[in-house]
Amino acid sequence: MSDPTCLPFAFPSVRGKKLTAAFDGGRLTSDGGVLLLAQAARRLDIADKLAAVIPDRRDPSRVLHPLPEILLARILAIACGYEDADDLDHLRTDPAFKLACGRLPESGHDLMSQPTVSRLENTPGLRDLIRLGRVLVDLYCASYPVPPAAVTLDIDDTCDVVHGQQQLSLFNAHHDERCFLPIHVYDTATSRPVAMILRPGKTPSGREVRGHLRRLVRAIRRHWPNTAITIRGDGHYGRPEAMDWCENHGVSYVFGLSGTKALAAKVEQTADHIRVVRAIDNEDAVRGFAETRHAAKSWRQQRRVAARIEATRLGLDIRYVVTNITTGTPEWLYADLYCARGQAENLIKLHKSQLASDRTSCRHPAANQMRLVLHTAAYWLMLSVRDTIPKAHRLATAEFATLRLRLLKLGARIRETASRVRLAFAAACCQATRQTDPLTP
């Protein structure tokens with residue numbers, strides 16, 4: 001881009017003055033804010049922690065790019081909006097990315113190319129991926145300065161449309177797509193990711209859900225043996241095997257539950273009262289709550305079920321949740337506790353749409369799981385930057401796409417001298433010119 005042999009080109013004149021342009025501006029970058037992400041990466045030590053559990057079978061005498069550097073460059077690129085590995089072919093000479101990875105912008109060697117990144121993504125095996133998943137859980141637990149008294153974890157899956165005929169991809173009739181259905185687990189109260197698991201494009205079975213919960217809770221208990229854990233999910237996860245396991249191991253749960261005629265008969269008295277009230281008062285909608293004890297044929301015992309009953313001009317709508325929590329009213333259980341899981345959908349959108357974690361286009365599922373780990377690491381960097389913004393600032397609650405636009409996509413000229421490296425950001429930067437609304441991450 002700074003090749004002086006590039007010929008200048010012209011634009012239409014402005015107020016009688018000729019307008020020309022050429023790619024001769026020198027060492028410029030359009031991602032000057034990537035150094036913020038590099039600071040967050042150093043604070044979390046995320047690249048070294050991930051690299052420590054990946055086997056490096058390369059000849060040490062020929063290694064030009066250590067594993068932590070490859071991981072860091074790939075994670076930074078994802079956070080900056082470069083979700084494909086071949087973007088590194090262009091970013092490897094970018095002065096800001098070189099600085100962020102600990103290399104000098106001019107005298108330092110260039111970063112790795114796409115083939116090196118792709119080889120790394122295809123290196124981990126199943127056991128390595130399990131260890132990488134534990135690193136993410138360890139990172140989540142370390143984000144709390146002291147063990148919390150209680151946490152609520154939201155578990156959900158999302159449609160990840162495949163880009164070809166990748167292994168594990170299946171046709172899902174509900175989504176009408178050939179896809180994966182990866183599981184996402186978040187601590188919704190803090191927006192922190194806990195686990196990401198690639199899986200086939202079908203509804204998880206009870207045994208599968210039980211296995212995922214067992215491994216996840218076991219990993220958390222190693223850090224927090226006395227923390228109360230609540231698992232929250234929709235009807236996909238309200239399986240007898242999952243509920244039995246939670247009850248046997250002291251884990252609270254609240255899951256969505258499909259309605260049946262037997263359940264409807266148990267709350268019919270409350271539902272009929274709500275219908276009558278709506279009709280007498282001629283209201284558009286009247287909502288009420290009820291609870292009962294219920295045992296499906298596949299359940300080993302009766303369990304507490306709360307129902308949200310809403311009568312409208314179109315008819316009656318009833319939603320159910322099942323739980324082993326014995327305290328609280330049915331209204332609190334459904335409206336306050338269960339419905340709060342809707343925030344997890346927004347976090348999945350940040351992960352999938354704004355960090356492009358659905359770019360699982362590798363042939364082998366292990367490589368696609370590795371990509372999920374890398375995108376989750378990028379999520380951690382973006383979240384860490386956002387959490388350092390003062391709460392009174394409007395960017396403290398901004399989405400990742402807004403943070404990227406305002407904080408990362410900053411033009412800068414980078415000059416390296418004998419004793420220092422100087423970054424000159426654009427004087428017209430919108431954040432620099434708002435003196436009454438400073439940003440101090």
Side-chain angles (χ1 to χ4, degrees), residues 29 31 33-105 107-143 193 195-196 355 357 362 366-385 408 421:
T29 181
D31 298 283
V34 71
L35 296 177
L36 282 176
L37 295 176
Q39 287 288 91
R42 279 190 285 271
R43 181 180 300 177
L44 297 173
D45 196 25
I46 193 166
D48 289 297
K49 290 177 179 178
L50 294 175
V53 299
I54 300 176
D56 189 356
R57 301 180 178 89
R58 297 176 296 175
D59 184 352
S61 64
R62 299 185 179 184
V63 171
L64 298 178
H65 307 286
L67 279 183
E69 181 184 278
I70 302 174
L71 288 168
L72 179 59
R74 181 75 167 105
I75 294 168
L76 294 176
I78 292 171
C80 287
Y82 305 103
E83 65 272 11
D84 291 325
D86 57 5
D87 291 319
L88 269 298
D89 284 337
H90 306 285
L91 297 175
R92 61 183 308 200
T93 60
D94 187 282
F97 275 88
K98 291 175 69 174
L99 275 177
C101 292
R103 300 202 174 201
L104 292 174
S107 59
H109 292 292
D110 291 342
L111 299 177
M112 71 296 306
S113 59
Q114 174 268 324
T116 302
V117 176
S118 295
R119 281 193 294 270
L120 171 63
E121 291 181 350
N122 284 272
T123 293
L126 177 59
R127 294 184 180 275
D128 305 321
L129 292 171
I130 293 174
R131 288 191 288 267
L132 286 169
R134 290 173 182 166
V135 170
L136 295 180
V137 175
D138 294 344
L139 192 65
Y140 161 69
C141 293
S143 66
M196 309 294 153
L355 291 176
S357 65
C362 295
N368 287 322
Q369 175 64 42
M370 180 63 185
R371 287 196 172 189
L372 273 182
V373 171
L374 295 173
H375 286 265
T376 304
Y379 183 108
W380 269 109
L381 297 191
M382 296 294 287
L383 183 65
S384 299
V385 169
L408 305 184
V421 176

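In this structure the side chain of Leu67 reaches within 4.5 angstrom of the side chain of Arg58, judged on heavy atoms. At least one side-chain heavy atom of Ile75 sits less than 4.5 Å from a side-chain heavy atom of Leu50. In this structure the side chain of Ile70 reaches within 4.5 angstrom of the side chain of Val117, judged on heavy atoms. The shortest distance between side-chain heavy atoms of Asp128 and Pro55 falls below 4.5 Å. With a 4.5 Å cut-off on side-chain heavy atoms, Ser113 and Thr116 count as touching.
Between Ala41 and Leu72 the shortest heavy-atom distance is CB-CD1, 3.6 Å. Between Ala378 and Ala79, the closest heavy-atom pair is CB-N, 4.0 Å. Between Ser357 and Leu372, the closest heavy-atom pair is O-CD2, 3.9 Å. When all heavy atoms of Pro68 and Ala47 are compared, the closest pair comes out as O-CB, 3.5 Å.
Residues meeting the salt bridge (Lys or Arg N to Asp or Glu O under 4.0 Å) test with Asp45, sequence neighbours left out: none. With sequence neighbours excluded, no residue satisfies salt bridge (Lys or Arg N to Asp or Glu O under 4.0 Å) with Arg134. Under the side chain to side chain contact (heavy atoms under 4.5 Å, CB included) criterion, Thr123 pairs with Ile54, Arg57, not counting sequence neighbours. Take Phe97 and apply the ring pair (Phe, Tyr, Trp, His ring centres under 6.0 Å) test, not counting sequence neighbours, and it matches no residue. Checked against salt bridge (Lys or Arg N to Asp or Glu O under 4.0 Å), Asp48 has no partners two or more places apart in sequence or in another chain. Arg119 is linked by a salt bridge (Lys or Arg N to Asp or Glu O under 4.0 Å) to nothing, counting only residues two or more places apart in sequence or in another chain. Under the rule for a side chain to side chain contact (heavy atoms under 4.5 Å, CB included), the partners of Ser107 that lie at least two apart in sequence or sit in another chain are Leu104, Glu416. With sequence neighbours excluded, the residues that form a side chain to side chain contact (heavy atoms under 4.5 Å, CB included) with Leu129 are Pro124, Leu132, Ala366, Gln369, Met370. Under the side chain to side chain contact (heavy atoms under 4.5 Å, CB included) criterion, Arg43 pairs with Thr388, sequence neighbours left out.
Within the structure, salt bridge (Lys or Arg N to Asp or Glu O under 4.0 Å) contacts touching residues 88-98 (residues at least two apart or in different chains) are Lys98-Asp110. Screening residues 115-142 for ring pair (Phe, Tyr, Trp, His ring centres under 6.0 Å), with sequence neighbours left out, gives Tyr140-Tyr144, Tyr140-Trp224. For residues 67-77, the salt bridge (Lys or Arg N to Asp or Glu O under 4.0 Å) pairs, not counting sequence neighbours, are Glu69-Arg103, Arg74-Glu121.
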Full working for side chain to side chain contact (heavy atoms under 4.5 Å, CB included) between Leu139 and Lys49 = CA-CA 9 Å; Leu139 192 65; Lys49 290 177 179 178; 4.2 Å; yes
Verdict with supporting geometry, Ser143 and Trp380, side chain to side chain contact (heavy atoms under 4.5 Å, CB included) = CA-CA 10 Å; Ser143 66; Trp380 269 109; 4.0 Å; yes
Could you check Leu91 against Leu111 for side chain to side chain contact (heavy atoms under 4.5 Å, CB included), going step by step and ending with a plain yes or no?
-> CA-CA 8 Å; Leu91 297 175; Leu111 299 177; 6.0 Å; no
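No side-chain donor-acceptor contact under 3.5 Å links Asp84 to the backbone of Asp86. Using a distance-only test at 3.5 Å, with no hydrogens or angles considered, a donor-acceptor pair links the side chain of Asn368 to the main chain of Cys362. Remark: side-chain polar atoms of His375 are paired, donor with acceptor, to backbone N or O of Leu355 under 3.5 angstrom.
Put simply, CE on Met382 and CG on Leu36 are 10.0 Å apart, with the number rounded to the nearest 0.5 Å. In this structure, Thr93 OG1 and Leu88 CG are separated by 10.5 Å, a value rounded to the nearest 0.5 Å. Here the CG-CG distance, from Leu35 to Leu408, works out to 10.0 Å after rounding to the nearest 0.5 Å. Distance check, rounded to the nearest 0.5 Å: CG of Leu37 to SG of Cys80 gives 5.0 Å. Expressed to the nearest 0.5 Å, how far CG of Leu381 lies from OG1 of Thr376 amounts to 11.0 Å. The CG atom of Leu120 sits 5.0 Å away from the CG atom of Leu71 when rounded to the nearest 0.5 Å.
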